[in-house]
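Written out below as structure tokens is the structure these notes cover.
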Amino acid sequence: LWGIYMALNLLETILLCAGGMTLFDSLCHSFGTVSTSGYSPWNASIGHYNSAYFDWIIILFMFLGGMTFMLFYFMIQGKWDVLRINTEFRWYVGFMLFFCGIVSLILWKANTYGSLMESIRYATFQVTSLLTTTGFTTADYEKWPQAAQMFLFAVCFIGACAGSTTSGIKVVHYVIICKYMYASVKKIFLQPMAVISIRLNQRPIEPSIVDLAICYFIVNIFMVLAGGCFMVLVDDMDYLTGMSSVIATLMNIGPGFGTVGPSENYAHISDVGKWFLSWNMLVGRVE
């Protein structure tokens with residue numbers, strides 16, 4: 001796994017250098033991409049370069065950083081069927097296609113950028129960055145249409161795959177919860193006497209795992225709501241900033257909305273607020 005991680009960093013560094021980025025910047029951005037930490041030497045993040053080539057390279061490696069790393073191990077062994085049967089990976093790709101597609105369509109219809117390809121580029125980058133909890137930016141998405149911002153806000157609650165470098169609630173928990181809801185509705189309304197198992201990777205999972213997934217989701221939502229109320233009281237900020245600051249730190253994303261948006265930072269928040277948000281970042285990584 002260490003070898004896979006270092007190989008991804010090395011390959012991204014080479015590709016960024018090949019596009020004209022300095023070795024120092026390439027290393028910094030590679031370390032910030034594969035680890036999905038999102039740190040850049042530039043205040044404007046990846047938007048500093050205004051390069052489609054750099055954007056697509058970083059999109060690719062943010063996506064790879066959001067995958068379960070054991071999948072790379074199996075692929076190296078030649079077991080490519082694992083991609084087909086891995087439920088979480090299929091849902092991860094599905095989330096990516098859905099959110100990238102709909103945000104791209106919104107930007108294109110609103111003529112936010114000059115062409116469809118430019119809309120796809122900016123939308124895909126920002127959706128991938130937030131979904132994988134990386135936090136890189138190429139644009140101030142708070143200037144985008146409200147509909148696009150709403151979908152980006154929803155993406156912040158998801159996260160990528162378990163067993164990756166990402167934070168967030170994780171796709172696998174949404175998979176389990178959705179399958180549980182479907183099975184419950186089916187049992188109540190269609191087959192009351194049926195015993196319906198919830199399957200993951202073509203195997204049934206224990207009911208205790210389902211309970212843990214539901215509990216984990218509820219705890220995260222409760223912490224966002226309670227934390228948002230706390231931030232609004234402590235710092236007398238607007239509700240969007242209060243909620244967003246908690247989401248961005250608990251999910252370890254970085255940029256949020258309001259006065260902690262992509263063109264802002266957390267410097268204006270009080271000491272008490274900073275300690276609370278720091279605690280949220282630590283809790284978000286414990287899972």
Side-chain angles (χ1 to χ4, degrees), residues 36-40 42-48 95 99-100 102-107 109-113 119 122-123 125-159 166-169 174 216-286:
T36 61
S37 58
Y39 287 103
S40 171
W42 301 97
N43 286 337
S45 191
I46 309 303
H48 167 81
F95 277 134
F99 283 104
C100 290
I102 197 164
V103 175
S104 298
L105 183 61
I106 292 169
L107 295 181
K109 289 187 67 177
N111 199 29
T112 305
Y113 296 100
S119 299
Y122 282 98
F125 188 97
Q126 211 53 66
V127 168
T128 307
S129 179
L130 296 181
L131 183 65
T132 59
T133 68
T134 305
F136 280 139
T137 58
T138 54
D140 185 356
Y141 51 77
E142 288 195 298
K143 295 180 180 179
W144 290 0
Q146 289 291 311
Q149 292 186 51
M150 185 65 241
F151 281 100
L152 291 182
F153 193 77
V155 165
C156 293
F157 283 91
I158 299 175
T166 64
S167 187
I169 295 177
Y174 284 94
Y216 182 66
F217 177 80
I218 293 172
V219 167
N220 271 276
I221 299 302
F222 173 78
M223 289 185 67
V224 169
L225 293 174
C229 292
F230 179 82
M231 289 301 298
V232 169
L233 287 173
V234 168
D235 271 65
D236 192 28
M237 58 179 60
D238 62 280
Y239 75 93
L240 178 61
T241 301
M243 291 282 290
S244 181
S245 64
V246 175
I247 295 167
T249 51
L250 184 64
M251 308 299 173
N252 283 259
I253 298 170
F257 292 82
T259 58
V260 293
S263 61
E264 306 287 344
N265 56 49
Y266 293 76
H268 64 280
I269 295 176
S270 67
D271 289 347
V272 175
K274 286 190 178 75
W275 278 111
F276 177 70
L277 295 178
S278 298
W279 177 77
N280 272 277
M281 286 189 279
L282 292 173
V283 171
R285 292 305 302 178
V286 172

Is there a donor-acceptor pair under 3.5 Å between the side chain of [X] and the backbone N or O of [Y]?
{"X": "Ser244", "Y": "Phe257", "answer": "yes"}
{"X": "Thr249", "Y": "Ser245", "answer": "yes"}
{"X": "Tyr266", "Y": "Gly254", "answer": "yes"}
{"X": "Lys274", "Y": "Ala267", "answer": "yes"}
{"X": "Asp235", "Y": "Met237", "answer": "no"}
{"X": "Asn220", "Y": "Tyr216", "answer": "yes"}
{"X": "Thr241", "Y": "Thr259", "answer": "yes"}

Would a 4.5 Å heavy-atom cut-off, applied to side chains only, mark [X] and [Y] as touching?
{"X": "Val103", "Y": "Trp144", "value": "yes"}
{"X": "Met231", "Y": "Leu277", "value": "yes"}
{"X": "Phe276", "Y": "Asn280", "value": "yes"}
{"X": "Ser45", "Y": "Thr138", "value": "no"}
{"X": "Val234", "Y": "Ser270", "value": "yes"}

Please find the pair of heavy atoms, one from [X] and one from [Y], that lie closest to each other, and give the distance.
{"X": "Leu107", "Y": "Pro145", "result": "CD2-CD, 3.8 Å"}
{"X": "Pro262", "Y": "Gly256", "result": "CD-O, 3.7 Å"}
{"X": "Ile158", "Y": "Tyr174", "result": "CA-CE1, 3.8 Å"}
{"X": "Gly284", "Y": "Ser167", "result": "O-OG, 3.2 Å"}
{"X": "Tyr141", "Y": "Gln149", "result": "O-CG, 3.3 Å"}

Which value, rounded to the nearest 0.5 Å, describes the distance between [X] atom [atom1] and [Y] atom [atom2]?
{"X": "Ser119", "Y": "Asn111", "atom1": "OG", "atom2": "CG", "value": "7.5 Å"}
{"X": "Glu264", "Y": "Asp140", "atom1": "CD", "atom2": "CG", "value": "8.0 Å"}
{"X": "Ile247", "Y": "Cys156", "atom1": "CD1", "atom2": "SG", "value": "6.5 Å"}
{"X": "Asp271", "Y": "Trp275", "atom1": "CG", "atom2": "CH2", "value": "9.0 Å"}

Problem set entry | Polar contact flag, side-chain donor to acceptor under 3.5 angstrom, His48-Ser40 |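 His48 vs Ser40: no donor-acceptor pair found between side chains.
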For this session: State whether a side-chain donor-acceptor pair under 3.5 Å links Thr133 with Asn252.
Result: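 Looking only at side-chain atoms, Asn252 and Thr133 do not form any donor-acceptor pair under 3.5 Å.
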For this session: Establish, yes or no, whether a centroid distance under 6.0 Å links the rings of Phe136 and Tyr39.
Result: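 Distance test on ring centres: not under 6.0 Å, no.
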Exercise. For Phe151, does the CZ atom have more than 12 heavy-atom neighbours from other residues, nucleotides or ligands under 6.0 Å away?
Worked result: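 Atom CZ in Phe151 is not packed in, count stays at 12 or less.
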For this session: Return yes when atom NZ of Lys109 has more than 12 non-hydrogen atoms of other residues, nucleotides or ligands closer than 6.0 Å, and no otherwise.
Result: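 At most 12 heavy atoms, drawn from other residues, nucleotides or ligands, come within 6.0 Å of this atom.
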For this session: Show your working on side-chain contact (heavy atoms from CB on, under 4.5 Å) between Gln126 and Val155 and close with a plain yes or no.
Result: CA-CA 10 Å; Gln126 211 53 66; Val155 165; over 6 Å; no
Exercise. Can you list the steps and then say if Lys143 with Thr112 is a side-chain contact (heavy atoms from CB on, under 4.5 Å)?
Worked result: CA-CA 9 Å; Lys143 295 180 180 179; Thr112 305; over 6 Å; no
For this session: Check step by step if side-chain contact (heavy atoms from CB on, under 4.5 Å) holds for Leu152 and Phe99.
Result: CA-CA 8 Å; Leu152 291 182; Phe99 283 104; over 6 Å; no
Exercise. Going by the angle between their ring planes, with limits at 30° and 60°, are Tyr122 and Tyr113 parallel, tilted or perpendicular?
Worked result: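 Ring orientation of Tyr122 relative to Tyr113: parallel.
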For this session: Before giving the answer on side-chain contact (heavy atoms from CB on, under 4.5 Å), spell out for Met281 and Leu250 the whole-Å C-alpha distance, their side-chain angles and the decisive distance to 0.1 Å.
Result: CA-CA 5 Å; Met281 286 189 279; Leu250 184 64; over 6 Å; no
